[in-house]
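Given the structure is predicted, the values throughout are model-derived calculations rather than measurements. First the proteins, then the strands, lettered A, B, ... as listed; each starts at 1.
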There are 2 protein chains.
Amino acid sequence: MPQLETVDKILDAAELLFAEKGFSETSLRMITSKANVNLAAVNYHFGSKNALIQAVFSRFLGPLSKIMEDTSKEHGWGKDNIPSLEDILKLYMHSLLKIPSSHENGVAVFMRLMGLAYTQSQGHLRLYLEQEYAKTFRLFLELVRLSTPELSTKERFWRTQFTLGSIAFTMSSIQPLAEILENSKDAKANPEEIVDLIVPYMLAGITAPAMDVN
Amino acid sequence: MPQLETVDKILDAAELLFAEKGFSETSLRMITSKANVNLAAVNYHFGSKNALIQAVFSRFLGPLSKIMEDTSKEHGWGKDNIPSLEDILKLYMHSLLKIPSSHENGVAVFMRLMGLAYTQSQGHLRLYLEQEYAKTFRLFLELVRLSTPELSTKERFWRTQFTLGSIAFTMSSIQPLAEILENSKDAKANPEEIVDLIVPYMLAGITAPAMDVN
DNA sequence: AACTGTTTCAAACATACGTTTGACCACGCA
DNA sequence: TGCGTGGTCAAACGTATGTTTGAAACAGTT
């Protein structure tokens, strides 16, 4: 078994603990003891706890960002080659499954972290994510816009919100909600299955007819 | 201006701060100084910080729970009188708007709190919500089940998840995402509008055809 | 072997937290 | 007026946190 570097051991432990407990609820001592490294190693290698949180996200988002942009380029998507909404959702959702990870459940952990990033109002994290990954996100939004010309701006805006919510929340609360519903049989699903289940849901939701006011 | 009791002043301040910052990130000192009461008042009146968190939820969920159950009863909904999914969603979503609150944006604050409750893994809170409000939640799920006989159990389970996610996440992250998208014009919407926008989205999503595997 | 830069380590630091304490106040009733 | 009870208050308590320190260990180079 190859000896992991301290930096990677910290990132591995931190990523799991953050996903399980949240950022504020996870102390550096929990992380360093799980990683079997000295407490001071975090501040030595990363500088601060906040910087560690950002590093955890970078390790996921760097590759994901590249995969998503490459996908768009490969298909030549753009103003002159407008993809269907179904293709966009399928390909973007499936690129989530391609994120490399040092352990199984990497996708679930990552999605849970993304959910936490938006829900817990860690100001520094939000700022960091905006600055680093706004480009990728805007590309996705632009493709959605091009592929749904029939929607009003307001409808499209909010339906995109709802869609992001479905993804972030679902992935971020798989365990807890499964407990509530005591429905373990049906609740058990791997990321691949969930992606296949969520795409038609989102597709139908975004392209739904507007409600008759009543 | 009527002098609010200490208990209510604490609840008002806590509810806003929790919604803004999260539970762990909000200290009792922030709450008591915003409420203009003594620090010890929280432990005196509520017993602990965790108990205060639960009290904040009780103030919302008590009335909401009653409204939702009354609504079902008024319509005589049940096995022998199965409502349409559209009616269920409309009525349940609109009962959110009826929650009494001491300030405007009460609905948004409440929804953000609910989102936090699921995302932040506050064990005590989850336990409390399950015990107190499982009954209301199960009634909703049962109605959804009755009104969507065409869905497989697994599809229904996950689509319900996605739907809950849309609600919780959307309401809980209105500000932050609006900033990201720099789309303030379209992002501005009051709770009534959002409810009208989200019902058709959810309806279409839940009743969507299954995806052709590809 | 001696030197140099990097990494690890135990210990300490300062601070913020939730909670508890005991004195103090205000008010209603005898 | 005196007394008792429920509420308020400043202060302190113990603990956990993120961070810093300075010495020790290590690795590579000359």
Side-chain angles (χ1 to χ4, degrees), chain A residues 1-58 113 116-117 120-128, chain B residues 1-58 113 116-117 120-128:
Chain A
M1 167 142 117
Q3 175 80 348
L4 279 178
E5 296 301 324
T6 302
V7 169
D8 293 307
K9 288 200 289 185
I10 292 174
L11 286 172
D12 287 346
E15 146 187 328
L16 287 174
L17 285 170
F18 286 151
E20 185 187 341
K21 300 176 169 312
F23 305 112
S24 303
E25 294 80 0
T26 302
S27 70
L28 293 186
R29 284 165 178 82
M30 294 180 200
I31 295 170
T32 52
S33 75
K34 175 166 185 147
N36 276 316
V37 301
N38 186 270
L39 167 62
V42 170
N43 285 279
Y44 177 78
H45 287 287
F46 296 93
S48 69
K49 182 181 179 180
N50 281 352
L52 169 61
I53 295 175
Q54 295 176 8
V56 166
F57 277 87
S58 286
L113 288 175
L116 286 176
Q120 307 208 193
S121 69
Q122 297 267 344
H124 70 96
L125 224 195
R126 185 128 50 213
L127 209 68
Y128 170 78
Chain B
M1 166 143 113
Q3 174 81 349
L4 280 178
E5 298 301 325
T6 302
V7 169
D8 293 308
K9 289 201 287 184
I10 292 174
L11 286 173
D12 288 345
E15 148 187 327
L16 287 175
L17 285 171
F18 285 151
E20 185 187 339
K21 299 176 170 311
F23 304 113
S24 304
E25 294 81 359
T26 302
S27 71
L28 293 186
R29 283 166 178 83
M30 294 180 199
I31 295 171
T32 52
S33 77
K34 174 166 186 146
N36 277 316
V37 302
N38 186 270
L39 168 62
V42 170
N43 285 280
Y44 177 78
H45 286 287
F46 296 92
S48 69
K49 182 181 180 181
N50 281 351
L52 169 62
I53 295 175
Q54 295 175 9
V56 167
F57 277 87
S58 287
L113 288 175
L116 286 177
Q120 307 209 193
S121 67
Q122 298 267 346
H124 71 97
L125 224 194
R126 186 128 49 213
L127 209 68
Y128 170 78

Peer 1: Would you call L127(A) and H124(A) a side-chain contact if the rule is heavy atoms closer than 4.5 Å?
Peer 2: no
Peer 1: Donor-acceptor pairs under 3.5 angstrom involving side-chain atoms of residues 31-42 of chain A: please list them, not counting sequence neighbours.
Peer 2:
residue : atom : partner : partner atom : Å
T32(A)  : OG1  : L28(A)  : O            : 2.9
T32(A)  : OG1  : R29(A)  : O            : 3.3
S33(A)  : OG   : R29(A)  : O            : 3.2
S33(A)  : OG   : M30(A)  : O            : 3.3
N38(A)  : OD1  : A40(A)  : N            : 2.9

Peer 1: Can you give one letter per nucleotide of nucleotides 10-16 of chain C, 5' to 3': B if a protein heavy atom sits under 4.0 Å from the base, S if only from the sugar-phosphate, - if neither?
Peer 2: B-B----
Peer 1: Looking at N43(B), I'd like to know whether one of its side-chain N or O atoms comes within less than 4.0 Å of OP1 or OP2 on dT19(C).
Peer 2: yes
Peer 1: Taking C-beta and beyond as the side chain, do I10(A) and T6(A) meet within less than 4.5 Å on heavy atoms?
Peer 2: yes
Peer 1: Identify, with sequence neighbours excluded, every residue that meets side chain to side chain donor-acceptor pair (under 3.5 Å) alongside S48(A).
Peer 2: none
Peer 1: Counting the atoms with a prime plus P, OP1 and OP2 as sugar-phosphate, which does T26(A) contact under 4.0 Å by heavy atoms, base, sugar-phosphate, or nothing?
Peer 2: sugar-phosphate
Peer 1: Would you name the heavy atoms of K49(A) and F23(A) that are closest together and state the gap between them?
Peer 2: NZ-O, 3.0 Å
Peer 1: In this structure, how many angstroms lie between the P atom of dG18(C) and the NE2 atom of H45(B), rounded?
Peer 2: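 Checked: the NE2 to P distance equals 18 Å.
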Peer 1: Starting from C1' on dT8(C), measure out to NZ on K9(A) and report it in whole angstrom.
Peer 2: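 Distance check: K9(A) NZ to dT8(C) C1' gives 11 Å.
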Peer 1: How close do L125(A) and A117(A) get, counting heavy atoms only, and between which atoms?
Peer 2: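 Shortest heavy-atom contact: CD1-CB, 3.9 Å.
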Peer 1: Quick check: does any side chain N or O of T26(A) sit under 3.5 Å from a backbone N or O of L17(A), one acting as donor and the other as acceptor?
Peer 2: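 Flag set: sc T26(A) to bb L17(A) pair under 3.5 Å.
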Peer 1: Quick one: side chain to side chain contact (heavy atoms under 4.5 Å, CB included) partners of A55(B), sequence neighbours excluded?
Peer 2: L11(B), F46(B)
Peer 1: Walking along DNA chain D from 5' to 3', note the first and the last nucleotide with an atom under 4.0 Å from a heavy atom of chain B, and give both.
Peer 2: dG6(D) to dA12(D)
